[in-house]
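A short worksheet on the structure shown next.
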Amino acid sequence: MTTATPTLPVQQGKRPAGRSGLRSRPIEPWVYLTPAFLVMLGLLGYPIYQLINISMYDYRQAQVSGNAPLEFLGLGNYQQLFNDPQFWSVLANTVVFAGVLVVVTILVGGCLAVLATNLRPWVRNVLFVVSMGAWATPAVTGSAVWLFLFEPTVGLVNKTLVGMGLSQFAGYSWTYDKLSAFGLVASEVVWCSFPFVMVTIYAGIQAIPTEVIEAARLDGATMPQIARLIMLPILRPIMMIVVIQSIIWDFKLFAQIYIMTNGGGVANQNQVLNVYAYQQAFAASLYGLGAAIGVIMTILLLLITLIYLRTIRRGGEEL
């Protein structure tokens with residue numbers, strides 16, 4: 001007596017996993033990204049190409065007006081910058097100043113975001129409206145107002161400090177010393193930048209499920225432990241956006257420094273790369289040298305962003 005061997009049903013329409021299937025999948029996201037990529041290429045690619053092209057020439061006012069031929073220098077402008085001690089001093093000012101601004105802005109905005117979650121609705125709305133007013137203020141207007149508040153003779157800040165018994169602030173110039181000038185500019189930048197950080201982090205906190213926090217409290221976790229072990233990991237993607245945006249904004253600072261320190265401070269002690277590039281390109285008519293500074297700034301920003309993203313990815317966060 002023989003028994004029939006059971007046969008397994010054959011699944012129809014299922015493609016076996018192979019190399020062809022693996023190769024066809026990554027193409028689909030690029031198809032959707034192609035229109036945006038073409039737009040970005042047109043808006044950014046050509047200007048960056050022209051910036052690099054100009055940085056390779058001795059490009060001055062005579063060449064702009066057509067009275068002199070272009071002279072190809074190759075990497076000559078970059079070599080001139082790297083051999084200039086002032087360039088390295090300005091680069092150090094820019095990196096340190098931007099780093100301090102990023103840290104202070106995120107601390108102020110993050111603390112106010114946590115505070116906003118514990119405020120009454122009407123108080124929170126007032127805080128947001130006032131903060132948005134600071135964020136919406138143009139950089140030129142904000143710098144002028146801030147400079148008037150710290151004016152040596154009639155400024156409200158000096159008068160208040162003298163009224164409190166600090167007579168050394170009578171006629172004190174906040175823009176004369178290097179550190180006090182940077183501190184004055186930093187206060188204005190943080191004032192007009194923290195609202196973006198505050199609102200972004202507050203939105204992220206509101207998106208955290210309350211059940212997770214309540215469960216942690218029932219397990220005996222303190223509020224600092226909840227913030228460090230639960231809230232910060234959940235907010236990491238949002239913090240990534242905030243940090244990158246702050247780095248780009250603060251590294252490219254121009255209007256506040258130029259207006260509040262009158263073009264870079266006493267003996268150019270408060271210069272940053274954007275102001276230095278402006279002075280080389282437009283004040284000295286060295287457009288090739290100014291373009292080279294712009295190329296270096298772009299490369300530095302890309303490197304800083306890539307390093308930060310790589311650090312986040314090593315921490316286990318998917319990008």
Over all heavy atoms of both residues, which pair between Ser246 and Val197 is shortest? Give the atoms and the distance, please.
OG-CG2, 4.3 Å
Would you say Val103 ends up clustered with Val185 if hydrophobic residues are merged whenever their side chains have heavy atoms under 4.5 Å apart, either directly or through other cluster members?
no
Any chance OH of Tyr32 has more than 12 other-residue heavy atoms, nucleotides or ligands included, within less than 6.0 Å?
no
Quick check: do Thr200 and Gln245 have side-chain heavy atoms less than 4.5 Å from each other?
no
Work out which heavy atom in Thr160 is nearest to a heavy atom in Leu156; give both atom names and the distance.
OG1-O, 2.7 Å
Ignoring hydrogens and angles, tell me if any N or O in the side chain of Gln269 forms a donor-acceptor pair with the backbone of Tyr176 under 3.5 Å.
yes
Would you call the rings of Phe196 and Trp249 parallel, tilted or perpendicular, where under 30° means parallel and over 60° means perpendicular?
perpendicular
State whether the number of non-hydrogen atoms from other residues, nucleotides or ligands found under 6.0 Å of Gln79 atom CD is greater than 12.
no
Can you tell me which residue among Phe148, Phe182, Phe169 is in a ring-ring contact (aromatic ring centres under 6.0 Å, His included) with Trp174?
Phe169
To the nearest 0.5 angstrom, please state how far the CE atom of Met132 sits from the CG atom of Leu127.
9.0 Å
Pairwise distance CG(Leu229) to OG1(Thr222) - rounded to 0.5 angstrom:
8.5 Å
In one Ile/Leu/Val/Met/Phe/Trp/Tyr side-chain cluster, 4.5 Å: Ile307, Val102:
no
Please walk me through it: do Met231 and Val114 pass side chain to side chain contact (heavy atoms under 4.5 Å, CB included)?
CA-CA 11 Å; Met231 297 178 68; Val114 174; 5.5 Å; no
Could you go through residues 251-267 and list every donor-acceptor pair under 3.5 Å that involves a side-chain atom there, pairing it with any protein atom two or more places apart or in another chain?
residue : atom : partner : partner atom : Å
Thr261  : OG1  : Ile257  : O            : 2.4
Thr261  : OG1  : Gly264  : N            : 3.1
Thr261  : OG1  : Gly265  : N            : 3.4

In terms of hydrophobic clusters joined by side-chain contacts under 4.5 Å, are Leu232 and Ile244 together?
no
Of all heavy-atom pairs between Ile230 and Ala216, which one has the smallest distance, and what is that distance?
CD1-CB, 3.3 Å
Test side chain to side chain contact (heavy atoms under 4.5 Å, CB included), reference Ile205, set Thr117, Ile213, Ile234, output is Thr117
For Ser55, is there any backbone N or O sitting under 3.5 Å from a side-chain donor or acceptor partner on Asn77?
yes
Rounded to the nearest 0.5 Å, what separates atom CG in Leu38 from atom CG in Leu33?
10.5 Å
Report the distance from atom CZ of Arg120 to atom CG of Asn125, rounding to the nearest 0.5 Å.
13.5 Å
Locate the shortest heavy-atom distance separating Ala281 from Gly290; write the atom from each residue and the value.
CB-CA, 4.0 Å
Atom CD in Gln168, atom CG in Asn158: separation rounded to 0.5 Å?
10.5 Å
Counting C-beta onward and ignoring hydrogens, is there a side-chain heavy-atom pair between Leu112 and Ile201 closer than 4.5 Å?
no
Spatial distance of atom CD1 (Ile299) from atom CD1 (Ile52) [nearest 0.5 Å]:
7.0 Å
Do Phe87 and Ile296 have side chains that get closer than 4.5 Å, going by heavy atoms?
yes
What are the two closest non-hydrogen atoms of Ile54 and Ala291, and how far apart are they?
CG2-CB, 3.9 Å
Note: Ala221 and Gln225 closest approach over all heavy atoms is CA-OE1, 3.4 Å
Hey, is the main chain of Arg60 close enough, under 3.5 Å, to the side chain of Gln63 for a donor-acceptor pair?
yes
Would you call Leu161 and Tyr172 a side-chain contact if the rule is heavy atoms closer than 4.5 Å?
no
Output yes when a side-chain donor or acceptor of Asn270 lies under 3.5 Å from a complementary backbone atom of Lys178, and no otherwise.
yes
Hey, is the main chain of Phe82 close enough, under 3.5 Å, to the side chain of Trp88 for a donor-acceptor pair?
yes
Any donor and acceptor pair, going by atom type alone, linking the side chain of Thr105 with main-chain N or O of Ser193 inside 3.5 Å?
no
Please determine, by modelled atom types, if Tyr276 and Asp84 share a side-chain donor-acceptor pair under 3.5 angstrom.
yes
With clusters defined by side-chain heavy atoms of hydrophobic residues (ILVMFWY) lying less than 4.5 Å apart, directly or transitively, does Val295 cluster with Leu303?
yes
Val90 vs Ile293 side-chain heavy atoms within contact, under 4.5 Å
no
Working for side chain to side chain contact (heavy atoms under 4.5 Å, CB included), residues Leu147 and Leu184
CA-CA 8 Å; Leu147 198 59; Leu184 177 61; 4.2 Å; yes
Honestly curious: do Leu41 and Val31 fall in one hydrophobic cluster under the side-chain, below-4.5 Å linking rule?
no
Over 60° means perpendicular and under 30° means parallel, so tell me whether Tyr46 and Tyr49 are parallel, tilted or perpendicular.
tilted
